[in-house]
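Just so we're on the same page: letters track the sequence lines, and every chain starts at 1.
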Amino acid sequence: MSSLDDLGKTEAALAAARRENLRRLRERSGDPFAQTRYAVDATAAELLARYGFLESGQDAAAEGWNVAGRLLGKRVMGKSIFADLQDGTGRLQLYVRKDEVGEHAFADWQDLDRGDLIGARGYMFRSKMGELTLHVKEMTVLAKSLMPLPDKWHGLQDVEKRYRQRYVDLIVNPGVRETFLQRSRIVAEMRRFIDAQGFFEVETPTLLHVAGGAAARPFLTHVNALDHEMQLRIATELNLKRLIVGGIERVYEIGRIFRNEGIDTTHNPEFTMLELYAAYWDLRDMMDFNERLLARLVDVVTGGAREVRIGERTISFAPPFARIAYFDALQQYGGDAYSRERLLDAGGAAAVLAELGLPPSPSHGHALDKIFERIVQPNLVQPTFVTDYPAIISPLAKRKRDDRALVDRYELFCDTIEISNAFTELNDPDDQRARFEAQAAQRAAGDEEIPEPDWDFVRALEYGMPPTAGIGIGVDRLVMLLTNSASIRDVILFPMQRQHGSSENSRDAPLSP
RNA sequence: GCGCCUUUAGCUCAGUCGGUAGAGCAGCGGACUUUUAAUCCGUUGGUCCCGGGUUCGAUCCCCGGAGGGCGCACCA
């Protein structure tokens with residue numbers, strides 16, 4: 001299988017030149033790909049921090065260091081070379097002199113291409129131009145890069161290629177790497193914060209006979225051993241509440257959710273959700289928890305500040321966040337035409353929808369969602385808890401004791417997008433059964449997004465579930481917010497793409513000679 | 001699903017009122033022992049996304065298709 005034939009002529013020539021350099025390196029100094037270990041004892045970031053005191057022209061020749069990474073630039077000036085090495089922590093300039101390393105080693109340097117992985121030993125100095133630099137005495141080629149890298153100045157701009165070949169994106173676009181490191185820090189801190197309050201992290205199945213807990217079309221799959229059709233989960237809710245019934249009183253899962261629906265800047269078919277349930281908490285407890293969690297995450301992302309800049313806006317996460325009741329918000333931003341009385345009437349809501357020039361909705365609840373989206377949501381820039389949702393759009397939440405039209409639920413909005421959704425959980429098994437029966441009827445009427453009822457969940461509630469507050473937070477969207485990313489694909493390492501020709505899993509993808 | 005935009009060298013991008021195409025970077029050859037988008041001289045490199053149509057001639061115009069982006073719709 002020769003894939004050089006499948007490359008463009010220019011690309012093939014570039015790859016051939018690199019293979020020629022590899023051949024020479026093998027002959028002169030042994031096979032780079034035979035290397036197994038390199039005794040790294042310093043990173044780029046450590047050396048830059050440690051030797052910050054050096055003045056231009058000064059060196060620290062008594063202390064030798066081994067660094068390893070990818071060569072990203074090479075400036076050859078006859079008998080000396082400056083190069084840039086990128087490791088996991090940053091970039092470090094290297095300097096080599098022919099009269100010090102000798103003909104043989106200098107020839108190896110000349111056979112290095114941009115993108116090669118090397119280990120280098122040397123000492124730190126500050127160059128005439130003021131840059132901290134490793135003065136290299138020894139160099140080992142640890143792996144050869146056989147493919148040409150994108151433009152050193154513009155990087156890789158083609159979005160499609162960036163997603164399909166994220167490895168290249170990560171090599172040449174520094175901001176990308178930083179975003180994903182931030183994501184990792186955010187999730188790690190999320191776990192630390194939650195664990196510190198006595199929660200247990202669990203992993204529930206992603207393959208289910210009935211995917212419930214949300215309204216969404218599931219992915220279908222087949223289990224050969226059981227000869228069963230199964231579904232990928234669309235939420236972790238029902239299993240986590242089973243665990244609350246079982247006595248794991250504080251429980252959470254940060255897990256992958258799959259929904260077989262649209263793909264756009266805020267939706268990827270698989271995404272990550274935090275769901276957390278606390279027995280004996282009410283919504284006030286959850287709000288307090290939510291506020292402190294976000295403040296903490298912002299703290300980690302910004303290194304101590306309580307603000308995040310999103311384009312032109314600055315969002316402050318200093319608690320307490322603003323609070324406003326659902327219908328108060330509608331009246332405040334919409335005026336008297338958006339009164340509770342009118343909106344809680346199906347005809348009234350439909351009329352409001354028409355006044356806004358929006359298409360008719362299939363249901364009263366849907367109409368309320370659209371009106372809220374249009375009238376209130378664009379105004380919720382600073383973190384705001386919207387509370388006291390109408391029961392008709394909250395089928396899984398408990399009704400308020402003193403107002404049966406409303407439920408104990410809030411959603412948190414930041415930068416006009418929904419960040420969390422929380423409510424006190426319905427724990428009356430008869431009520432739950434009745435709601436499932438209603439859903440089954442909707443499903444029978446043709447709504448494919450309504451899941452089949454999970455009757456075992458009702459049985460679990462019949463054993464008794466304590467009063468419980470639950471919350472869901474879309475991790476990807478939260479990371480978008482905290483990293484100022486415009487698309488969910490910018491915070492998912494390998495976002496779903498259509499299968500496509502030569503760049504992925506087709507025969508010609510691996511480049512063998 | 002609908003609409004708009006987009007696809008030209010390995011990368012970033014020009015361009016052709018229809019006569020099969022250019023730059024910078026990268027690569028290759030040369031000069032250069034403190035450069036940093038190194039510099040200077042020379043130079044290679046193209047299925048202009050794919051298929052069809054119109055035309056003497058299509059990368060360009062028309063039709064169809066594919067990939068991608070954005071907006072709308074959908075999305076507890």
Side-chain angles (χ1 to χ4, degrees), chain A residues 6-18 20-21 56-57 59 72-84 91-101 106 113-115 125-133 135 146-164 168 172-173 213-217 234-235 237 259-267 269 271 358-359 362-363 365-366 368-370 372-373 389-390 392-397 407 409 411 418 421 423 439 448-451 472 486-487 489 495 497-504:
Chain A
D6 301 317
L7 300 178
K9 283 183 183 168
T10 308
E11 191 174 16
L14 294 174
R18 284 166 176 257
E20 176 58 21
N21 285 338
S56 276
D59 63 48
L72 279 192
K74 198 172 109 179
R75 296 177 288 283
V76 184
M77 277 161 306
K79 299 187 179 65
S80 74
I81 297 173
F82 281 93
D84 299 314
R91 288 195 186 192
L92 179 67
Q93 182 169 256
L94 308 180
Y95 177 59
V96 199
R97 294 172 63 104
K98 187 177 186 179
D99 59 3
E100 292 176 351
V101 300
F106 202 74
D113 291 300
R114 190 159 164 269
F125 76 107
R126 194 182 286 278
S127 72
K128 272 184 189 165
M129 299 300 286
E131 179 158 353
L132 281 173
T133 305
H135 194 127
L146 297 172
M147 290 291 282
L149 283 179
D151 194 285
K152 65 182 170 190
W153 187 243
H154 300 96
L156 186 61
Q157 299 298 323
D158 184 305
V159 232
E160 179 181 356
K161 204 161 278 191
R162 286 184 46 221
Y163 298 149
R164 290 187 194 276
V168 179
V172 299
N173 294 334
R217 227 170 287 191
I234 56 175
E237 175 146 359
R259 295 187 181 175
N260 206 344
E261 292 172 345
I263 302 179
D264 60 35
T265 45
T266 54
H267 298 80
F271 62 101
L358 294 170
S363 69
H366 186 267
L368 286 184
D369 278 340
K370 291 293 144 192
F372 187 85
E373 244 173 61
Y389 273 68
I392 49 169
I393 56 172
S394 315
L396 296 171
V407 292
R409 172 184 175 191
E411 290 197 3
E418 180 196 337
N421 180 21
F423 38 83
Q439 287 198 324
E448 290 182 44
E449 289 191 344
I450 304 292
S487 168
R489 284 170 233 130
Q497 297 277 111
R498 226 176 274 268
Q499 169 102 34
H500 178 226
S502 60
S503 51
E504 281 182 312

Inter-nucleotide P distance (B/rU20, B/rU16), Å rounded:
14 Å
What interatomic distance, in whole Å, is found between P of B/rG71 and the corresponding atom of B/rG29?
47 Å
Of all the nucleotides listed (B/rC28, B/rA37, B/rU34), which has the minimum atom distance to the side chain of A/Trp153?
B/rA37
To the nearest Å, give me how far apart CZ (A/Arg164) and P (B/rG67) are.
9 Å
Got a donor-acceptor pair under 3.5 Å from the side chain of A/Ser127 to the base of B/rU35?
yes
Give a yes or no answer on whether the side chain of A/Arg259 reaches the backbone of A/Pro269 with a donor-acceptor pair at less than 3.5 Å.
no
For a quick check, tell me whether the side chain of A/Glu160 and the base of B/rU7 share a donor-acceptor pair closer than 3.5 Å.
no
Nearest-neighbour nucleotide for the A/Lys79 side chain, B/rU33, B/rU36, B/rC25 considered
B/rU33
Report the nucleotide, chosen from B/rU33, B/rG68, B/rA26, that has the shortest atom-to-atom distance to any side-chain atom of A/Asp99.
B/rU33
Whole angstroms only, please: what is the NZ-P distance between A/Lys74 and B/rU33?
16 Å
Does a nitrogen or oxygen in the side chain of A/Lys152 sit under 4.0 Å from OP1 or OP2 of B/rA38?
yes
Select one nucleotide: of B/rU12, B/rG10, B/rU34, the one nearest the side-chain heavy atoms of A/His154.
B/rU12
Residue A/Asp113, side-chain heavy atoms: nucleotide from B/rG67, B/rC28, B/rU34 that is nearest:
B/rC28
Rounded to the nearest angstrom, tell me the gap between atom CZ in A/Arg162 and atom C1' in B/rG69.
12 Å
Distance between the C1' atoms of B/rC72 and B/rG53, in whole angstroms?
33 Å
What one should report as the nearest heavy-atom pair of A/Lys128 and A/Ser56 is O-OG, 3.8 Å
Please step through side-chain contact (heavy atoms from CB on, under 4.5 Å) for the pair A/Ile393 and A/Arg409, ending with a clear verdict.
CA-CA 11 Å; A/Ile393 56 172; A/Arg409 172 184 175 191; 4.3 Å; yes
Pick base, sugar-phosphate or nothing for A/Gly155, based on heavy-atom distances below 4.0 Å to the nucleic acid.
sugar-phosphate
Can you give one letter per nucleotide of nucleotides 70-76 of chain B, going 5' to 3': B for a protein heavy atom under 4.0 Å from the base, S for sugar-phosphate only, - for none?
SS-BBBB
Pairing check on B/rA21: which nucleotide meets the Watson-Crick or G-U wobble criteria with it, both distances under 3.5 Å?
none
Tell me yes or no: between the side chains of A/His366 and A/Asp369, is some donor less than 3.5 Å from an acceptor?
no
Side-chain N,O (A/Arg75) to OP1/OP2 (B/rA38) below 4.0 Å:
yes
Nearest heavy-atom approach of A/Arg489 to A/Ile263 is NH2-CG2, 4.3 Å
Which nucleotide, B/rC32, B/rC28, B/rU12, lies nearest any side-chain atom of A/Asn21?
B/rC28
Side-chain contact check for A/Arg498: nearest option of B/rU34, B/rU36, B/rG67 is B/rG67
When the P atoms of B/rA58 and B/rU54 are compared, how many Å lie between them, rounded to an integer?
11 Å
Tell me: CZ of A/Phe125 to P of B/rU35, nearest whole Å?
10 Å
In whole angstrom, give me the gap between the P atoms of B/rC50 and B/rC60.
10 Å
Any strand counts, and the cut-off is 3.5 Å on both contacts for Watson-Crick or G-U wobble. Which nucleotide pairs with B/rG27?
B/rU43
Hey, mind stepping through A/Arg18 and A/Met147 against side-chain contact (heavy atoms from CB on, under 4.5 Å) and telling me if it holds?
CA-CA 8 Å; A/Arg18 284 166 176 257; A/Met147 290 291 282; 6.0 Å; no
A/Lys161 atom NZ is separated from B/rC13 atom C1', nearest whole Å, by 14 Å
Side chain of A/Lys128 only, heavy atoms from C-beta on: which candidate in B/rU36, B/rU34, B/rC11 is closest?
B/rU34
Quick one: A/Glu11 CD to B/rA26 P, roughly how many Å, whole number?
17 Å
How far does the P atom of B/rU55 sit from the matching atom of B/rA14, given to the nearest Å?
33 Å
Strand partner of B/rC61, provided both Watson-Crick or wobble distances fall under 3.5 Å:
B/rG53
Please determine whether a side-chain nitrogen of the Lys or Arg among A/Asp113 and A/Lys74 lies less than 4.0 Å from a carboxylate oxygen of the Asp or Glu.
no
Side chain of A/Val76: nearest nucleotide among B/rU34, B/rG67, B/rC32?
B/rC32
OP1 or OP2 of B/rC25 less than 4.0 angstrom from a side-chain nitrogen or oxygen of A/Gln157, does that happen here?
no
Could you work out the separation of B/rG22 and B/rU34 based on their C1' atoms and round it to a whole Å?
36 Å
Using whole Å, what does the distance between atom P of nucleotide B/rU35 and atom CD1 of A/Ile81 come to?
15 Å
B/rA37 C1' sits how many Å from A/Leu72 CG, rounded?
13 Å
Parallel, tilted or perpendicular: ring planes of A/Tyr389 versus A/Phe372, cut at 30 and 60 degrees:
tilted
Looking at A/Lys98, does any N or O in its side chain come under 4.0 Å of the phosphate oxygens OP1/OP2 on B/rU33?
no
Of the listed nucleotides (B/rG24, B/rA26, B/rU33), which one gets closest to any side-chain atom of A/Asp151?
B/rG24
Determine the Euclidean distance between corresponding C1' atoms of B/rC28 and B/rA9; express it in Å to zero decimal places.
15 Å
Would you check if the side chain of A/Gln439 reaches a backbone N or O of A/Pro451 as a donor-acceptor pair within less than 3.5 Å?
no
Note: A/Val101 and A/Phe106 closest approach over all heavy atoms is CG2-N, 3.9 Å
Using Watson-Crick or G-U wobble geometry with both distances below 3.5 Å, tell me the partner of B/rC72, or none.
B/rG1
